[in-house]
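Here the structure is laid out as structure tokens; the discussion comes afterwards.
Not measured: the values here are computed from a predicted model. Numbers restart at 1 for each chain; the letters A, B, ... are given by sequence-line order, proteins then strands.
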Amino acid sequence: MLINTIFSGFGGQGVLSMGYIFAYAAMSDGRNVTYLPSYGAEVRGGTANCTIVISDEEIASPVASSPEFVVVMNNPSLLRFQNVVQSGGIIFLNATMIDARPIRGDIELFEIPANDIAKELGNERVMNMVMLGFFIKKTGLVSREAVEKTLEDTFSPRGKTMVTLNKKAFMEGHNYD
Amino acid sequence: MKKVFSRPRSLRKVPFHYCPGCGHSIIHRLVAEVIDEMGLREITIGVPPAGCAVLAYFYFDFDMGESPHGRGTALATGLKRALPDRLVFTYQGDGDIAAIGTAETIHTANRGENITALFINNACYGMTGGQMAPTTLLGQNTTTSPGGREGLRDGYPIRLSEMLALTDGSAYIERTAVNSPVNIRKTKKAIAKGFKVQMDGLGFSLIEIVSPCPTNWRMSSHEACQWIEKEIIQYYPLGVIKDVTKRGQGC
Amino acid sequence: MRGNHVVAEAAIRAGCRFYFGYPITPQNETPEYMAAALSKLKDGVFIQAESELAAINMVIGGSMAGVRVMTSSSSPGISLKQEGISYLAALELPAVIVNMCRGGPGLGNIAPAQSDYFQATRGGGHGDYRNIVLAPSSCQELAELTMEAFDLADIYRIPVIILADGMLGQMMEPVEFPDHKNPKKLSPKDWALTGAKGRPGRVIRSLILDPVLEEEHNWKLMRKYERIQKKEVRYETFLLGDAKMAVVAFGTAARIAKGAVQKVREQGLKVGLLRPISLWPFPEKVLVELGKRVKLFFVFEMNMGQMVEDVRIALGRDGDIHFYGRPGGVVPTPLEISRIISSHYLRKRL
Ligand SMILES: Cc1ncc(C[n+]2csc(CCOP(=O)(O)OP(=O)(O)O)c2C)c(N)n1
Ligand code: SF4
């Protein structure tokens, strides 16, 4: 099984760390994984994105032709990636930030108001973890435990509150319906 | 109604791509204003660097010729020798002018090339993501001086302007800053003076402009301006370093 | 682990304690890692030079002193290093030089490209010389080949170039670092300048005014290059056993090509992949052998056609060689490549 996912949004929306945590968790789950970020000029001010490929076999190309899943955090990302999703694929959409909806009929759409939920938790910046929780729950690509472990490893250098906050945001997204 | 604030003729109608609070935007504007006020737009050739200001040619509405990293003054030398009656200036970051291009800079000054170098000192490498620059202060944290710059390991912050003042070919050298309205006004005057020295054929002129890089200093714009006042200016004092138009000054 | 970090960590594990470089995107994470890691080691030295010219000359100095030394950069900076690399070759000094290639010519951009193939494999600077050029295609290989590069450099006293690209530098994949053991055939560096304590002074120089002696020096280098061509060819094959068509690609392009080959295999087309790992020495013999049974070749590179010339030299008139290139930092998808592969395949009615 080979699954391609693209995470995309504004530079400041934390899409690269979303992808990183997903990739890292997949690795802890014993899968093969590649994480390919957009970098440099593209990141400064513009939109950032990253491609994560996970597979049980060796991964040939880290570049995805037509991903199974696309996570979009802002309008430009939806415009850019709605047409590359595989037929039968899924778009995960941040409903707080995106007014438009994809027009294709052959894909599925899951929405979550990630910013609103994060705001309720007291810090809008953890919207990326809300979205990640939602994405993991719906796709079941990696185990919840692996993500929680990864969140601990990643955020513990920045203090306990950061770990708790990010875990909480992740669980909010996970439990959202 | 009298218009008190408008876009200089020498600036194109495009928004700057620089980060909020970045000194490059202010300095671009000053350069354009001076060139307009001196009526030099049509004889100006600018040389942008490799650095955050590499895209300066998108903003300035006069001739611009891109230089390889650090070679600006050498390239400008060629331009000026071929077109001696033009205003030729380089626009260079501290990495560009004081690290990779030090040799070119010193020898251009020493030849007394009749050009003006605008040297933007932001104490770091902006474009490549905040590495140590030759002007980075001792103890200053950058991505390649983690834990702070140490003189005996990483070298000391270089005073390029003072060094260049020692060359017989340099005519006018001044250090200014763009961290406050007063200093911005002084910077504008200094740029005008540098260009005037060039147009009078007196030799090499250089204006070092201490400029905030809030992004890589990891500060707000306000904090960055204060940091210039409290730290950078202490090491890099502002003022005229050499002026051949005034007898008895300089070294 | 990120590719640029992998290079740095691998170098340190291979015993490299000296790093000289100058910042340039997309490889800045390598010097940054080195700055942090080497400052923690008692014998570590990191210098951010004032330019690539200075950096490569620092590398020459370190190598003369007999230590393992590395520099890294990306295309424009590698151009500046060419003078120094020519001296390293002439002086027969070991060194490892990493090029995270980006789009060019000129300042170009910071996107991944393979446009420095000629520069790396033909020498790059002035004079008649070669570098060993290794082209990894994954983070794991970045680790293994960087470590191996130091050994090859020491064994043959030659500059070794790791030719990767911005994508490999920025990408993250799990990596297992192999244990590094110095190879047995490594002889002591009895040529290094260490101070003439109890022995006559040593000289390392490249100025040889007598043309006959300079010619002799050139032939000596040439014999070394022939030894390397015999012993150090590296490549990977993928599904070539029953193939009627062979794709040839290296580095990042080979990853994409592999994905494309998998796609066309699903359609029942008998296509395989040859991936040169050592770009110099180029796996010429393998191609010649392959040319005896495969008649259709397709070369894919992220440039305007450089390695394809080596493929043509190897195959001569045998075989039908097609090329597809995306220069300037564009990274095509496996789907795009698979479509071109199948159109060639079907047109030829294989
Ligand atoms: C030969 C070469 N080496 C490295 C680079 C990468 N590079 C681009 S700009 C820059 C330094 C920028 O710093 P500075 O000159 O201080 O200008 P700033 O961006 O801070 O305005 C570097 C190292 C390059 N373009 N060419
Ligand atoms: S990185 Fe620094 S110098 Fe560059 S545009 Fe941003 S604030 Fe200005």
Test item: side-chain donor near acceptor, C:E50 and B:T102, under 3.5 Å: no

Contacting region of B:P146 [heavy-atom separation from chain C under 4.5 Å]: side chain

B:I100 vs C:E52 side-chain heavy atoms within contact, under 4.5 Å: yes

Residue, of B:E66, B:Q131, B:H69, that accumulates the most heavy atom pairs under 4.5 Å with chain C: B:Q131

Partner chain C: residue of B:A99, B:G147, B:A133, B:G95 with the largest heavy-atom pair count (under 4.5 Å): B:A99

Any chance [atom1] of [X] has more than 12 other-residue heavy atoms, nucleotides or ligands included, within less than 6.0 Å?
{"X": "B:R153", "atom1": "CZ", "answer": "yes"}
{"X": "B:Q234", "atom1": "CD", "answer": "yes"}
{"X": "C:Y87", "atom1": "OH", "answer": "no"}

C:A54 versus chain B, the contacting section by heavy-atom distance below 4.5 Å: neither

Portion of C:I24 that has a non-hydrogen atom of chain B nearer than 4.5 angstrom: backbone

Closest contact, heavy atoms only, C:A35 versus B:T144: CB-O, 3.7 Å

Flag, side chain of C:N28 to backbone of B:T128, donor-acceptor distance under 3.5 Å: yes

